[in-house]
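Only a predicted model underlies this, so the values are computations on that prediction, with no experimental measurement involved. Just so it is clear, the values below take in all heavy atoms, side chains as well, and ignore hydrogens, waters and symmetry mates.
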Amino acid sequence: EYGGNLKKHRFKNICNSCVAKKTQAVFLFLKTLEFRLPMFIYRMGFSPSLLTAKFWVTSGLIKVNGKLFKNNWHTLHLYDFVEFDPSVWKIVSINLVKILFYGS
């Protein structure tokens with residue numbers, strides 16, 4: 001399983017669109033999956049799971065550059081500023097402390 005319950009047809013469409021561009025297909029493929037907002041939140045250690053990160057995004061608890069995005073497929077760009085709703089700060093701080101002191 002890759003990308004947190006990514007449907008087979010969606011995964012196939014991503015692969016086909018990246019291969020069709022021919023230049024840097026692998027980079028485009030990884031960028032498409034890894035720079036999604038929930039994946040970024042999970043990979044950086046802010047949420048305990050990918051499903052939690054998706055829930056936060058769809059619930060409107062995450063803002064990017066001050067704008068609310070409820071779409072799990074929003075792609076982050078360089079220098080985007082991600083901010084969390086105060087209601088999830090405690091969970092984020094607990095996860096970061098676990099990573100800092102106990103490893104991943």
>> I'd like to know if the side chain of N95 and the backbone of I91 have a donor-acceptor N/O pair within less than 3.5 Å.
In response: yes

Please enumerate all residues that pass side chain to side chain contact (heavy atoms under 4.5 Å, CB included) together with [X], with sequence neighbours excluded.
X   : result
K70 : L68
F81 : N65, E83
S49 : L51, T52

Going hydrophobic residue to hydrophobic residue with side-chain gaps under 4.5 angstrom, can you get from [X] over to [Y]?
X   : Y   : answer
M39 : V88 : no
W73 : V82 : no
W89 : V64 : yes

>> Per the ring pair (Phe, Tyr, Trp, His ring centres under 6.0 Å) rule, what does the pair list look like for residues 50-70, sequence neighbours excluded?
In response: F69-H74

State the [atom1]-[atom2] distance between [X] and [Y], to the nearest 0.5 angstrom.
X   : Y   : atom1 : atom2 : value
L78 : F35 : CG    : CZ    : 8.5 Å
R43 : R36 : CZ    : CZ    : 9.5 Å
I62 : I41 : CD1   : CD1   : 4.0 Å
K54 : S59 : NZ    : OG    : 13.5 Å

> Hydrophobic clusters join Ile, Leu, Val, Met, Phe, Trp and Tyr when side-chain heavy atoms are under 4.5 Å apart, directly or via other members; which others share one with I94?
Replying inline: none

> For Y42, which residues count as a ring pair (Phe, Tyr, Trp, His ring centres under 6.0 Å) partner, sequence neighbours excluded?
Replying inline: none

>> For F46, give me all partners under ring pair (Phe, Tyr, Trp, His ring centres under 6.0 Å), at least two apart in sequence or on another chain.
In response: F84

> Of all heavy-atom pairs between A53 and P38, which one has the smallest distance, and what is that distance?
Replying inline: CB-O, 3.4 Å

> Taking all atoms of both residues into account, what is the closest heavy-atom pair of S93 and K90, and its distance?
Replying inline: OG-O, 2.9 Å

>> What I'd like to find out is whether the side chain of N71 reaches to under 4.5 Å of the side chain of V57, using heavy atoms alone.
In response: no

